[in-house]
Amino acid sequence: MTDVCISAQDLVFTWPGQHQSTLNIPALTIQRGERVLLRGPSGSGKSTLLSLLAGVHDVQKGELQVLGTSLKTLSSRRRDRFRADHIGYIFQQFNLLPFLSVTRNVLLALEFSKARRARLQSLNTGAQAECERLLTALGIPQELWEKPASQLSVGQQQRVAAARALIGQPELLIADEPTSALDTDARDNFLALLKAECERAKITLLFVTHDATLSKHFDRVIELHQINLGHPGASEVKV
């Protein structure tokens, strides 16, 4: 098993109708178990890179490997399966189903992945037990577990989204600016809980933001504009 979680070489992506590439990354490496902050302003290519890592879009040029698997070699359907089995994703807007309960939202991730369910079995725990453990660890009171997600506060919805992403111990967790709507105290508390869960399960964390003040919470900071030659002002830096 490789110690590298994410590896990109000469990765280039250009949106249809555009002459300039949105991404042109000579090299990027993130090790398994690292907690990395990927920072960049709007328009720097953060969303495009995440869409490639999650297998939403095809790799046009170059090489992109996640957990030793070349995403370029996978069909769209196989990328969907790979994402469901190996990648947890916390969206900026959380993307909870508002009419489902907190518990059902969290358990939904397991319905799309036999691999996640198998990992729980190997840990001698069940889906419901792990769901309840995660909700407790992330500070969601038991009286809210059967409430519709729409009745929760923004901070509570964020933590439910984190529990959904973490259940079944995916090897990679991608968080796309999930703290942008929180105040400083709530944000720092959430980050501490998220990091603790990632450390517990040895999950690689890639946290994406434009906020430089979050740097202290991470092992390493990658400034996207410094490694993305498709971004004006970038310099060729290997990370």
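- The pair R133-E197 meets the salt-bridge criterion, with a side-chain N (NZ, NE, NH1 or NH2) lying under 4.0 Å from an Asp/Glu carboxylate O.
- Scored by the salt bridge (charged side-chain N to carboxylate O under 4.0 Å, His left out) test, D85 finds R81 as partners (sequence neighbours excluded).
- Take E199 and apply the side-chain contact (heavy atoms from CB on, under 4.5 Å) test, not counting sequence neighbours, and it matches R35.
- Under the side-chain contact (heavy atoms from CB on, under 4.5 Å) criterion, T136 pairs with W145, not counting sequence neighbours.
- The minimum heavy-atom distance between T103 and C131, with the atom names listed, is CG2-SG, 3.9 Å.
- Hydrophobic side-chain contacts under 4.5 Å tie L97 into a cluster, directly or through other members, with F99, L100, L108, F112.
- Checked against salt bridge (charged side-chain N to carboxylate O under 4.0 Å, His left out), D211 has the following partners two or more places apart in sequence or in another chain: R187.
- Cluster partners of L123 are absent, since no Ile, Leu, Val, Met, Phe, Trp or Tyr has side-chain heavy atoms less than 4.5 Å from it.
- Between A8 and L64, the closest heavy-atom pair is CB-CD1, 3.9 Å.
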Sequence neighbours left out, cut at 3.5 Å: what donor-acceptor pairs do the side chains of residues 53-61 make with other protein atoms?
| unit_1 | atom_1 | unit_2 | atom_2 | d |
| --- | --- | --- | --- | --- |
| H57 | ND1 | S51 | OG | 3.1 |
| D58 | OD1 | R79 | NH1 | 2.8 |
| D58 | OD1 | R79 | NH2 | 3.0 |
| Q60 | OE1 | T14 | N | 2.7 |
| Q60 | NE2 | T14 | O | 3.0 |

- Item | E63 vs S70, side chain to side chain donor-acceptor pair (under 3.5 Å): CA-CA, chis, key distance, verdict | CA-CA 7 Å; E63 181 62 51; S70 173; 2.5 Å; yes
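- Between R77 and D80, none of the side-chain N atoms (NZ, or NE/NH1/NH2) sits under 4.0 Å from a carboxylate O, so this pair counts as no salt bridge.
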- Task: Let me see the working for L71 and L52 under side chain to side chain contact (heavy atoms under 4.5 Å, CB included), right down to the final yes or no.
- Result: CA-CA 8 Å; L71 298 186; L52 291 173; over 6 Å; no
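- When the side-chain contact (heavy atoms from CB on, under 4.5 Å) test is applied to A161, the partners found at least two apart in sequence or on another chain are I90, F94, L96, R164.
- Using a 4.0 Å cut-off between charged nitrogen and carboxylate oxygen, E34 and R220 count as a salt-bridge pair.
- A distance-only check finds a donor-acceptor pair linking the side chain of R116 to the backbone of I167 [under 3.5 Å].
- Screening residues 168-220 for ring pair (Phe, Tyr, Trp, His ring centres under 6.0 Å) gives F207-F218 as the qualifying pairs, with residues at least two apart or on separate chains.
- Inspection of the Q158 and T179 side chains reveals no N or O donor paired with an N or O acceptor under 3.5 Å.
- L49 is listed as a side-chain neighbour of L38, based on a closest heavy-atom distance under 4.5 Å.
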- Task: Using the side chain to side chain contact (heavy atoms under 4.5 Å, CB included) rule, take L37 and I222 through it: C-alpha gap first, then chi angles, then the decisive distance, then the call.
- Result: CA-CA 6 Å; L37 182 71; I222 297 174; over 6 Å; no
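- Looking at W15 and S21, their side chains never bring a donor and an acceptor atom within 3.5 Å of each other.
- A salt bridge (charged side-chain N to carboxylate O under 4.0 Å, His left out) check over residues 101-112, counting only residues at least two apart or in different chains, returns the pairs R104-E111.
- Using modelled atom types, one side-chain atom of Q157 and one backbone atom of L152 make a donor-acceptor pair closer than 3.5 Å.
- Judged by distance alone, the side chain of T204 and the main-chain N or O of L172 form no donor-acceptor pair under 3.5 Å.
- With hydrogens and angles disregarded, no donor-acceptor distance shorter than 3.5 Å links the side chain of K46 to the backbone of V208.
- For the pair N228 (side chain) and L224 (backbone), a donor-acceptor distance under 3.5 Å is absent.
- For R119, the salt bridge (charged side-chain N to carboxylate O under 4.0 Å, His left out) criterion is met by E171, not counting sequence neighbours.
- Here V12 sits alone; no ILVMFWY side chain lies under 4.5 Å from its own, so it joins no hydrophobic cluster.
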- Please walk me through it: do R117 and K114 pass side chain to side chain contact (heavy atoms under 4.5 Å, CB included)? CA-CA 5 Å; R117 296 196 298 271; K114 291 181 180 178; 3.0 Å; yes
- Task: Given side chain to side chain contact (heavy atoms under 4.5 Å, CB included), test D176 with F91 step by step and report yes or no.
- Result: CA-CA 5 Å; D176 184 8; F91 297 90; 5.8 Å; no
